Amino acid sequence: MIDLKILRESPEIARAGIQKKRNDCDLDAVMDVDAKRRKLIVEVESLRAEQKAANTEMSQLQKGSPEFMEKVGEMKDLSARFKQSDAALKELDESWNDLYLSVPNLPHETVPDGSTEEDNVEIKAWGEIPDKEPYHVPHYDFDWLDQILDFKRGTKVTGSGFPFYVGDGARLVRSLVSFFLDQAHESGIQELGVPFLVNGDSALATGQLPDKEGQMYQAVEDGLYAIPTAEVPLTNFLRDEILEEAELPIYRCGHSACFRREAGSHGKDVRGLNRVHQFDKVEILKWVKPETSYDELESLRDYAESLLQKLGLPYRALLMCGGDMGFSQTKQYDLEVWAVGQQRWLEVSSCSNFESFQSRRARIRYRDSQTGKNEFVHTLNGSGLAVPRVLVAILENGLQADGSVKLPEALAPYMGKDHIARA
RNA sequence: GGAGAGAUGGCUGAGUGGUCGAAAGCAACGGUUUGCUAAAUCGUCGUACGGGUCACACCGUACCGCGGGUUCGAAUCCCGCUCUCUCCGCCA
């Protein structure tokens, strides 16, 4: 949720931001219901005040006396009016809530204007793009693919998009997860093992609900959602808490399987490991003081980049334009790695600042030591990193003329070898 | 899964259908005093929303696990749910 003050006091700023995001929420309806709601609150509360005053008065009277009974009669009427207004307010509150939740976060001033991925701005490129040799092919065309991946049996057991990783494939996944977690540990980021299922309150706080409900797998019987990213349990780790200013910034990381229905996505980019319904990812989360959040975003991106550098994978960093960034973000960088076999960029990390959008929903605050007031923290998160596409880049970029795959040196301690030989 | 007990402010813990935002104690914060490093004493000490203000002040309302209900009036009575603890069962 964005700050209501912005809506009330400078709606033109909100309007411009919403336009920049190419979002079509109805701001006039929001403002209209807000005004009506506030008027009704005054009405309900003054009726209630009257009722309470009478209550105090009645407590002094002899119970059952004529004066008392007369008062009861008067108050019955008031009570009826109160109940009517209160019911009207509750109804209005519901539509107010729906509308308020439909307002996206406003993009930062440094976010470029634009509506599609074409308008994202490349701010950095690292590593050398290798020339495509004849033996370079997409990973899904490796003739020994079934040595490390089994899509067919995954489809049998669960459905498409749920591959089995086999032998060295499975070990590579585990190695990458371990490498990412160890790197975070070395950077002083505490690791959390997170629940893979969360309740509705948590999904609402991070913004998956209400608008992205269709993207999550659900355990309907229990009212739980399979997490699409560890961001959800991580952010909610501190939900409903008031922190001390001295505790900030707080950094945490966590590995999880991520479950995404990917409803409505078809076509070429779903081949192989490019887009699957379940994948492993290590997520980094930051809770910080507002004045530091944009610096923290830069260092978060630097950290994610350092992982790709250590793996020796060429990548580019994009600053997302207003129309291509998420609903809840104020500023977002994506890291894309080059996959030489497919001759395309694959997104492996997204680093974002949410300012107080999530913390307002999740009620995560800190006590300002100067004013003594409770303020919302700013939250940020970034992938560090998503496993399957990194795996794709390792496979495709590392493919040698003899069909073997040369592994990044950083993974040698985890894999116990420097290449995967074709059997 | 079965049986029982419970859920009150940062913590412990009282609470009669009405004067209860809620006793008391602890912790915390501010002052005073003695002094020596621990006491004594006075005061302050929840959050959110709405009104109000340049901003404070101030006023109102809500919140005693959550959601309903009864009532002129609910922390208190009734119903449903959630969670915690104990015992039993089952099970990595």
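It should be emphasised that the depicted structure is a prediction, and the values quoted were computed from it without experimental measurement. Each chain gets a letter, A, B and so on, in the order the sequences are listed, and its residues count up from 1.
Looking only at distances, no side-chain donor or acceptor of A:Asp240 sits under 3.5 Å from a matching main-chain atom of A:Arg363. Put simply, the side chain of A:Arg360 gets close to the backbone of A:Met1: a donor and an acceptor are under 3.5 Å apart.
Within 4.0 Å (heavy atoms only), A:Arg8 reaches sugar-phosphate atoms of the nucleic acid but no base atom. Counting non-hydrogen atoms under 4.0 angstrom, A:Lys373 reaches the backbone sugars and phosphates but no base. Contacts of A:Phe82 with the nucleic acid, taken as non-hydrogen atoms under 4.0 Å apart, are absent. Across all strands, A:Arg81 comes closer than 4.0 Å to no nucleic acid atom at all (heavy-atom distances). Among the atoms of the strands shown, only primed sugar atoms or phosphate atoms (P, OP1, OP2) are found under 4.0 Å from some heavy atom of A:Lys52. A:Glu57 comes within 4.0 angstrom of nothing in the nucleic acid, heavy atoms only.
The CD atom of A:Glu74 sits 14 Å away from the P atom of B:G73 (whole-angstrom rounding). Nucleotide B:G46 holds its P atom 20 Å from the CG atom of A:Asp240, rounded to whole Å. Between the CG atom of A:Leu89 and the P atom of B:A62 there is a distance of 12 Å, given to the nearest Å. Following rounding to the nearest Å, A:Asp93 (CG) and B:C63 (C1') show an atom-to-atom distance of 15 Å. At whole-Å resolution of the value, CE in A:Met69 and P in B:G18 are 18 Å apart. Straight-line distance from the CE atom of A:Met1 to the C1' atom of B:A48: 12 Å, rounded to whole Å. Rounded to whole Å, atom C1' of B:U71 lies 15 Å from atom CG of A:Asp86. Nucleotide B:C72 holds its P atom 16 Å from the CG atom of A:Leu61, rounded to whole Å.
Which of B:G73, B:U47, B:G50 sits closest to the side chain of A:Ser79 comes down to B:G73. Among B:U47, B:G68, B:C72, the nucleotide with an atom closest to any side-chain atom of A:Arg367 is B:U47. Side chain of A:Ala49, nearest nucleotide from B:C72, B:U19, B:G60: B:G60. For A:Asn55, whose side chain is taken as the heavy atoms from C-beta onward, the closest listed nucleotide among B:U19, B:A48, B:A62 is B:U19. Distance from the side chain of A:Arg48 is smallest for B:A62 among the nucleotides B:U71, B:A62, B:C72. Closest to the A:Arg365 side chain, of the nucleotides B:U47, B:G18, B:G73, is B:U47. Distances from the side chain of A:Leu4 to the nucleotides B:G50, B:C72, B:U61 place B:G50 closest. Side-chain atoms of A:Val42 lie closest to B:G51 of the nucleotides B:C49, B:G51, B:G18.
Taking atom P on both nucleotides, B:A24 is separated from B:C77 by 24 Å, rounded to a whole Å. One C1' atom belongs to B:A57, the other to B:C66, and the distance between them is 36 Å to the nearest Å. Here, B:U44 and B:C26 have their P atoms 16 Å apart, quoted to the whole Å. For B:C11 and B:G1, the P atoms lie 30 Å apart once the distance is rounded to whole Å. Remark: the separation of the C1' atoms in B:G80 and B:G17 is 22 Å, to the nearest Å. Atom C1' of B:G52 sits at a distance of 35 Å from the matching atom of B:G68, rounded to the whole Å. Look at the C1' atom in both B:C83 and B:U8: the space between them is 16 Å, to the nearest Å. Across B:U34 and B:C45, the matching P atoms stand 28 Å from one another, rounded to whole Å.
In this structure, B:C29 forms a base pair with B:G43, meeting either the Watson-Crick or the G-U wobble geometry with both donor-acceptor distances under 3.5 Å. Using Watson-Crick or G-U wobble geometry with both donor-acceptor distances under 3.5 Å, B:G6 finds its partner in B:C83. Across all strands shown, nothing is found opposite B:G89 as a Watson-Crick or G-U wobble partner with both distances under 3.5 Å. Using N1 to N3 plus N6-O4 or O6-N4 for Watson-Crick, or N1-O2 and O6-N3 for G-U wobble, each under 3.5 Å, B:G60 pairs with B:C49. Of all nucleotides present, none satisfies the Watson-Crick or G-U wobble test against B:U71 with each distance under 3.5 Å. The partner of B:U37 cannot be assigned: no Watson-Crick or G-U wobble pair with both contacts below 3.5 Å exists in any strand. For B:A14, there is no paired nucleotide, since no Watson-Crick or G-U wobble pair has both relevant distances below 3.5 Å.
Below 30°, between 30° and 60°, or above 60°: for A:Trp144 and A:Phe142 the angle between ring planes is between 30° and 60°, a tilted geometry. Using cut-offs of 30° and 60° on the angle between ring planes, the pair A:Trp287 and A:Phe237 is tilted.
In this structure, A:Lys71 and A:Ala54 both approach RNA chain B, and ranking their closest nucleotides by distance from the 5' end singles out A:Ala54. Nearest-nucleotide positions on RNA chain B place A:Ile242 closer to the 5' end than the other of A:Glu50 and A:Ile242.
The pair A:Lys71-A:Glu74 meets the salt-bridge criterion, since a charged nitrogen lies less than 4.0 angstrom from a carboxylate oxygen. Under the 4.0 Å criterion applied to side-chain N and carboxylate O atoms, A:Lys90 and A:Glu94 are not assigned as salt-bridge partners.
For B:G52, the OP1/OP2 oxygens have no side-chain nitrogen or oxygen of A:Arg38 closer than 4.0 Å.
In this structure, A:Tyr294 has its ring center closer than 6.0 angstrom to the ring center of A:His108.
Counting only heavy atoms from C-beta outward, the side chains of A:Leu308 and A:Val348 approach each other to under 4.5 Å. Taking 4.5 Å as the limit, every side-chain heavy atom of A:Phe162 sits out of range of all side-chain heavy atoms of A:Thr155.
Between the side chain of A:Glu45 and the base of B:G60, a donor-acceptor pair under 3.5 Å is found.
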